[in-house]
Amino acid sequence: MISKKNFAKVSAILGAVALGVSATATAANADTIYTVQSGDTLSGISYKFAKDNSMVNDLAKKNNIQDINKIYVGQKLIIKSDGEIQEYNAQNAANANVADNNTQATQQQTAQPQQAQSQASQSYTSNASGSEAAAKAWIAARESGGNYGATNGQYIGKYQLSASYLNGDYSAANQERVADQYVASRYGSWQNAQAHWQANGWY
């Protein structure tokens, strides 16, 4: 099992390689200020840092979050390199060796739209209809507000799919195709995926 400290090192290296950046200035043991983005959930944030939902209760408790299903865009959390979570405030930020996740997000947002625009337009028609189409639209609204250009760390597009699933093709047609394939293989239907999202805050 990879430790959180080593995971941070590996993530920084992979992120730099994926973006074509030759080096990063972020120290591997730096604490991270995480700014909540549209579509984020506590379980999603936990998954980004721990690759499981183990941090959800700590995130809620240490940040005085009463309802784990409600966090707000712009809310800031400090996640220490040892996995400890602290509420963001000026004193914590000043005392921490901090790598602000907004710098990484800005780099990704400038690189990914260029890649998406360079992809050839393809057509794809989803076979979801009726209640399946409604469940699919519901998930897209919660994940990205229906925006094919939305990014959130490694998650891309309308359905916030992992960049690795999209294989560098961020076109709308590929996002639709991959989302349908992902949901069919993992949940069997969009309605099942929606039920999972409602129970867990992610799909």
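Please read all numbers here as calculations on a predicted model, not as lab measurements.
At a threshold of 4.5 Å between non-hydrogen side-chain atoms, the residues M55 and Y47 do not count as touching. A 4.5 Å side-chain heavy-atom check between K158 and K136 finds every atom pair outside the cut-off. Looking at I45 and V36, their side chains come closer than 4.5 Å, going by heavy atoms from C-beta outward. Using a 4.5 Å cut-off on side-chain heavy atoms (C-beta onward), Y165 and Y159 make no contact. Annotation: side chain of Q191 is not in contact with side chain of W138 (no heavy-atom distance under 4.5 Å). Between W190 and Y203, the closest side-chain pair of non-hydrogen atoms falls below 4.5 Å.
Scanning all heavy atoms of the two residues, the minimum distance from G157 to S144 falls at O-CB, 3.5 Å. Nearest approach of W197 to R142, heavy atoms of both residues: CZ2-CB, 3.5 Å. Scanning all heavy atoms of the two residues, the minimum distance from W202 to H196 falls at O-ND1, 3.0 Å.
Interatomic distance, I65 CD1 to Y72 OH, rounded to the nearest 0.5 Å: 9.5 Å. Rounding to the nearest 0.5 Å gives a distance of 8.0 Å between OG of S38 and CD of Q160. In this structure, CG in L166 is found 5.5 Å from CG in N174, a value given to the nearest 0.5 Å. In this structure, the separation between OG on S46 and NZ on K51 is 10.5 Å, given to the nearest 0.5 Å. Separating the CD1 atom in I68 from the CG atom in N200 is a distance of 9.0 Å, to the nearest 0.5 Å.
Relative ring orientation between Y187 and Y182 is described as perpendicular, the plane-to-plane angle rising above 60° on a 0-90° scale split at 30° and 60°.
Looking only at atom types and distance, the side chain of D40 has a donor-acceptor partner in the side chain of N152 under 3.5 Å away.
A salt bridge is absent between R177 and D169: the closest approach of a Lys/Arg side-chain nitrogen to an acidic carboxylate oxygen does not fall below 4.0 angstrom.
If you chain together hydrophobic residues whose side chains sit under 4.5 Å apart, I71 and F49 fall into the same group. By the rule that hydrophobic residues join a cluster once side-chain heavy atoms approach within less than 4.5 Å of another member, V183 and L161 end up as members of one cluster.
Within the 3.5 Å criterion, the main-chain N or O of S162 finds no donor-acceptor partner in the side chain of Q154. Formation of a donor-acceptor pair under 3.5 Å by the T41 side chain with backbone atoms of G201 is found in this model.
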